[in-house]
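Every chain is numbered from 1, with letters handed out A, B, ... down the list of sequences. Just so you know, these numbers come straight off a predicted model, no measurement behind them.
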2 protein chains.
Amino acid sequence: MPSTRPAPARTKLLDAALNLIREKGFSATSVDELCQAAGVTKGAFFHHFESKEALGAAAANHWSEVTGAMFAAADYHHEADPLARVLGYIELRKSLLEGEPAEFTCVAGTMVQEQFGASEDIRTACRDSIFGHAATLEADISAALAAYGLSPDWTAKSLALHSQAVLQGAFILAKASSDREVARDMVDHLSRYVRSLFHRPPAQEA
Amino acid sequence: MPSTRPAPARTKLLDAALNLIREKGFSATSVDELCQAAGVTKGAFFHHFESKEALGAAAANHWSEVTGAMFAAADYHHEADPLARVLGYIELRKSLLEGEPAEFTCVAGTMVQEQFGASEDIRTACRDSIFGHAATLEADISAALAAYGLSPDWTAKSLALHSQAVLQGAFILAKASSDREVARDMVDHLSRYVRSLFHRPPAQEA
DNA sequence: TTGAACATACCAACTGGTTGGTATGTTGTC
DNA sequence: GACAACATACCAACCAGTTGGTATGTTCAA
């Protein structure tokens, strides 16, 4: 049987990074803190990552994998109607707005905000995380356009990105106000917008 | 005659902070860098601000004043139709997306993203900046609702905040992709959404 | 009107602690 | 016994913040 081996230092560091970066940002998180949170020494850190910057880029990729697996396993994919899948995705994102900002916030968005000018590796890793995730949504939007026979003056890609923009902006407002309800309202507006684009009734407000 | 007196150190430091925070984030900007950019010594810094954190909060307030004056003087206020004022505001925000991210990005959004958990003073100053700005938009939205005889299931305040969320999210996508056109597309979606809420035709796409 | 008392604005040099990073082990496994 | 995976000990650079000081007002009583 596959007995649970102790998590290797590299994974422990990446998991710790996901939490610490969302709590305090990348710059304000020191290598020592990372090591302490991961229960690992500095030697282990620099054995697995050639620099703090390299860990940042790796953490963004790790974030893509963790969240990618989570969204891939979500229920909304089972909806037959592609628009229902899109709206289901949005409702899932809303339901995820629980607990503290550091728990529901996006690592890639947080990190790229402060590191976009300092590290090209981190920037591209965060870009791939955000835009890659948007691409999974773009497919359902395209299918919905086909199913509803629409050819609007906006692209599926731009609407997928817009949804990410709303979410990222909602995170900022939640952090600023210490109130996740604000973020939920923003997601409601997004849902309303998508329904209007497909000429769907306002439906039930949650 | 009111000859132009040399800018005092405090103002020079705040102006420098506005640029440096947007370029590199708050944590990664050192007090020494701030002083060098402002052409001022460290003694002057700590004469005017009791800590780096205090400068951060002051910078957010300075940002509110600078941008508040700019938006207060904008043309869109002269529109008779309140909805035209809202849409004019959105178009203005789109036209502001020029140059490098550090030039069109929001200081408050950038700073609160990394400092919300570290400094309550900075967090509230950024919150006041963002939510205070949204309040100026909320008045026009309320007037538009009255003018068009609408009583929707969303509030003027939440739509004003939604517009800020879209803009903040657009900034993040622009930073991640190094492409401000992405941000412009997000603002187009916002404009389309607002028009749909007021049952206005798609109108011309810019 | 003057000058002592005080306040403001600023400066150069310094400090103790923290930073990312390195050099050199030790350990367990194939 | 060789190599990856760690640990320990350390360092130079940098960090926010402090020090003791100067130059330039401003206030107000004699």
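The shortest distance between the side-chain N/O atoms of B/H47 and the OP1/OP2 oxygens of C/dC10 is not below 4.0 Å. Close to C/dC10, at under 4.0 Å from its OP1 or OP2, lies a side-chain N or O of B/H48.
Partners of B/A38 under the side chain to side chain contact (heavy atoms under 4.5 Å, CB included) rule, at least two apart in sequence or in another chain, are B/K12, B/L13, B/A16, B/V40. For B/F131, the ring pair (Phe, Tyr, Trp, His ring centres under 6.0 Å) test picks out no residue, with sequence neighbours left out. Legend: residues meeting side chain to side chain contact (heavy atoms under 4.5 Å, CB included) with A/T29, ordered by chain and number and at least two apart, are A/L20, A/K24, A/E33, A/L34. Taking B/R180 as the reference, nothing meets the side-chain hydrogen bond (donor to acceptor under 3.5 Å, both in side chains) condition, with sequence neighbours excluded.
Side-chain proximity of B/A44 to D/dA7, C/dC11, D/dA4: nearest is C/dC11.
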Protein heavy-atom contacts under 4.0 Å, written 5' to 3' over nucleotides 22-30 of chain C as B (base), S (sugar-phosphate only) or - (none), form the string B--------
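Between A/L190 and the options A/R195, A/R93, A/H162, a side chain to side chain contact (heavy atoms under 4.5 Å, CB included) holds for only A/H162.
Counting only residues at least two apart or on different chains, the side-chain hydrogen bond (donor to acceptor under 3.5 Å, both in side chains) pairs with a member in residues 56-65 of chain A are A/D15-A/H62, A/S64-A/S129. A side-chain hydrogen bond (donor to acceptor under 3.5 Å, both in side chains) check over residues 45-56 of chain A, counting only residues at least two apart or in different chains, returns the pairs A/E53-A/S119.
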Just distance, no hydrogens or angles: give the donor-acceptor pairs under 3.5 Å from side chains in residues 97-105 of chain A, sequence neighbours left out.
unit_1	atom_1	unit_2	atom_2	d
A/E98	OE2	A/R184	NH2	3.2
A/E103	OE2	A/E100	N	3.3
A/T105	OG1	A/P101	O	2.8

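Position along DNA chain C of the nearest nucleotide to A/F45 versus B/V40 favours B/V40 as the more 5'-ward residue.
Contacts between residues 29-36 of chain A and DNA chain D, defined by a heavy-atom separation below 4.0 Å, involve no residue at all.
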